[in-house]
Amino acid sequence: MAPRKIIIDTDPGQDDAVAILLAFGSSELEVLGITCVAGNVPLALTQRNARIICELAGRTDIPVFAGAVRPMVRPLVTAENVHGKSGLNGPELWEPTMPLRKEHAVDFIVKTLRTQRDGVVTLCVLGPLTNIALALIKAPDIAEHIHEIVLMGGGCFEGGNITPAAEFNIYVDPHAAKVVFQSGIPLVVMPLDLTHKALTTRSRIERFKNLGNKAGIFTAEMLDFFERFDMEKYGSEGAPLHDPNVIAYLLKPEMYKGREVNIEIETESALTMGMTVVDWWRVSGREPNAMFMREVDDDAFFELLFERIGRL
Ligand code: RIB
Ligand code: CA
């Protein structure tokens with residue numbers, strides 16, 4: 001069977017980096033390109049970090065593009081307190097030598113979707129949705145060429161992680177999220193309700209460290225740093241490993257359970273800005289527009305990560 005074609009839109013970020021490594025370790029997927037967005041850290045760092053991950057995995061053949069330097073309307077909010085100043089704190093980093101492509105990420109997304117016309121490309125969105133929304137605004141015709149969008153973002157019963165109401169990716173660019181959630185494109189959402197059930201633990205980090213390859217050690221060093229913030233905040237044994245769930249869903253969808261629901265994005269209230277209003281009990285009468293995942297087989301998820309990152 002031909003590999004599934006994907007574009008990864010990302011703001012690395014340690015968890016983004018693990019998601020990218022998972023994709024590189026999986027022959028079922030063909031990564032057409034990596035498009036970077038401002039989010040966890042400014043764009044200059046997210047695009048640099050994406051190239052570091054490509055070099056780490058020996059995948060300098062993958063084109064990396066820089067996209068939006070800030071959200072569509074709101075000022076940029078970053079998360080150095082979680083990811084560190086570099087966005088990839090933990091392992092020793094280097095200045096990547098593979099080039100950043102000159103084409104803007106949005107233009108790459110539009111061009112790729114127009115040339116891969118038979119609607120086979122899946123967009124895997126790991127950060128704020130700014131690049132995706134800008135592409136849909138610039139070229140509305142691309143919507144029909146997108147197989148589906150699988151994104152990490154939002155929350156419902158789990159609340160928010162950057163405000164009591166909002167998850168970071170949606171909060172940073174709620175206007176972009178609104179464009180995507182109103183697009184009619186098939187959406188699969190990996191929210192905090194799900195990712196908070198996929199926790200790094202000491203034994204799982206040890207497993208990465210003992211994979212016997214550079215990628216495994218690099219992953220363990222990233223997660224060692226990444227987990228400290230959430231363990232302190234939630235008092236949990238480990239940190240939620242958010243973004244790799246997007247890629248894992250493409251590889252083993254049976255690990256996930258959810259429900260088709262209506263999700264609207266709050267873009268008016270200062271108090272609940274960026275909230276994903278999830279109609280889980282179907283009381284609004286609004287049409288479902290997304291598959292909202294709530295359950296994951298976390299042991300199977302981590303076994304997949306060990307197996308695939310172990311291949312790099
Ligand atoms: O709220 C978690 C999300 O925000 C993850 O994608 C993490 O990388 C940050 O971008
Ligand atoms: Ca991310």
Side-chain angles (χ1 to χ4, degrees), residues 7-20 34-43 45-46 49-50 67-83 87 105 109 123-136 149-156 158-183 185 187-196 198 226 229-230 233 239-249 263-267 272-278 289-293:
I7 293 174
I8 298 176
D9 190 76
T10 178
D11 64 335
Q14 290 87 349
D15 59 321
D16 304 66
V18 178
I20 295 167
I34 295 179
T35 52
C36 302
V37 67
N40 285 322
V41 286
L43 178 66
L45 288 175
T46 59
N49 293 342
V69 71
R70 50 150 293 188
M72 284 171 57
V73 176
R74 289 171 57 80
L76 177 62
V77 171
T78 52
E80 286 86 350
N81 58 324
V82 179
H83 299 274
I109 292 169
L123 301 184
C124 300
V125 188
L126 312 181
L129 291 120
T130 316
N131 288 339
I132 313 305
L134 291 175
L136 288 168
I149 296 175
V150 187
L151 66 97
M152 189 277 142
C156 181
E158 197 68 11
N161 60 358
I162 184 150
T163 74
E167 177 279 326
F168 180 80
N169 287 340
I170 309 297
Y171 177 77
V172 168
D173 200 339
H175 301 90
K178 194 180 189 89
V179 168
V180 173
F181 277 79
Q182 290 185 344
S183 67
I185 296 165
L187 301 179
V188 177
V189 179
M190 296 288 167
L192 296 178
D193 303 70
L194 178 114
T195 64
H196 281 198
F226 177 68
F229 179 83
D230 280 336
K233 175 175 170 181
L241 193 50
H242 307 285
D243 293 340
N245 285 285
V246 168
I247 305 299
Y249 168 76
I263 302 177
E264 299 291 334
I265 311 296
E266 174 61 75
T267 56
T272 55
M273 180 62 73
M275 179 177 185
T276 44
V277 181
V278 178
N289 59 349
M291 170 58 83
F292 185 87
M293 293 297 187

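The shown structure was predicted, so the numbers you read here are calculated from the model rather than taken from an experiment.
- Between the CG atom in Leu129 and the CD1 atom in Ile265 there is a gap of 8.5 Å [rounded to 0.5 Å].
- Between Glu264 and Gln182, the closest side-chain pair of non-hydrogen atoms falls below 4.5 Å.
- Rounding to the nearest 0.5 Å places NE2 of His83 at 6.5 Å from CZ of Phe168.
- Listed for the Asn289 side chain is a donor-acceptor partner under 3.5 Å among the backbone atoms of Phe181.
- Asp16 and Thr10 share a side-chain donor-acceptor pair at under 3.5 Å.
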Query raised in the report: Please walk me through it: do Ile8 and Val246 pass side-chain contact (heavy atoms from CB on, under 4.5 Å)?
Result: CA-CA 10 Å; Ile8 298 176; Val246 168; over 6 Å; no
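- The distance from atom CD of Glu167 to atom OG1 of Thr276, rounded to the nearest 0.5 Å, is 7.5 Å.
- Of all heavy-atom pairs between Ala177 and Ile170, the closest is CB-CG2, 3.8 Å.
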Requested in this report: Take Leu136 and Ile185 through the test side-chain contact (heavy atoms from CB on, under 4.5 Å) and record every step on the way to the result.
Outcome: CA-CA 10 Å; Leu136 288 168; Ile185 296 165; 3.7 Å; yes
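- No side-chain donor-acceptor contact under 3.5 Å links Asn131 to the backbone of Gly67.
- At distances below 3.5 Å, not a single donor-acceptor pair connects side-chain atoms of Asp243 with backbone N or O atoms of Ala17.
- Put simply, the side chain of Thr267 never gets that close to the backbone of Pro174: no donor and acceptor are under 3.5 Å apart.
- In this structure, Glu80 and Pro42 have side chains that are in contact, with non-hydrogen atoms separated by less than 4.5 Å.
- Using a distance-only test at 3.5 Å, with no hydrogens or angles considered, a donor-acceptor pair links the side chain of Asn40 to the main chain of Asp11.
- Between Asp173 atom CG and Leu76 atom CG the span is 9.5 Å, to the nearest 0.5 Å.
- Proximity of a side-chain donor or acceptor of Asp193 to a complementary backbone N or O of Glu158 within less than 3.5 Å is detected.
- Atom CD1 of Ile162 and atom CG of Asn81 lie 7.5 Å apart (nearest 0.5 Å).
- Side-chain N or O atoms of Thr130 include none that pairs as donor or acceptor with a backbone N or O of Met72 at under 3.5 Å.
- Aromatic ring orientation, His242 versus Phe226: perpendicular (interplanar angle above 60°, classes split at 30° and 60°).
- Listed here is the closest heavy atom pair of Pro128 and Ala38: CG-O, 3.6 Å.
- To the nearest 0.5 Å, the span separating OH on Tyr171 from CG on Asn161 amounts to 11.5 Å.
- With hydrogens and angles ignored, the 3.5 Å screen pairs no side-chain donor or acceptor of Asn169 with any backbone N or O of Gly153.
- Within the 4.5 Å cutoff, the side chain of Val41 has heavy atoms near those of the Asn49 side chain.
- Heavy-atom minimum distance, Pro240 versus Asp230: CD-OD2, 3.5 Å.
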Query - Evaluation steps, side-chain contact (heavy atoms from CB on, under 4.5 Å), between Asp15 and Val18 - result: CA-CA 5 Å; Asp15 59 321; Val18 178; 5.6 Å; no
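- Nearest heavy atom pair, residue Cys36 against residue Ala50, reads SG-CB, 3.6 Å.
- Of the options Leu123, Ile109, Ile132, a side-chain contact (heavy atoms from CB on, under 4.5 Å) to Thr35 is made by Ile109 and by none of the others.
- Between the Thr163 side chain and the Ala165 main chain, a donor and an acceptor come within less than 3.5 Å of each other.
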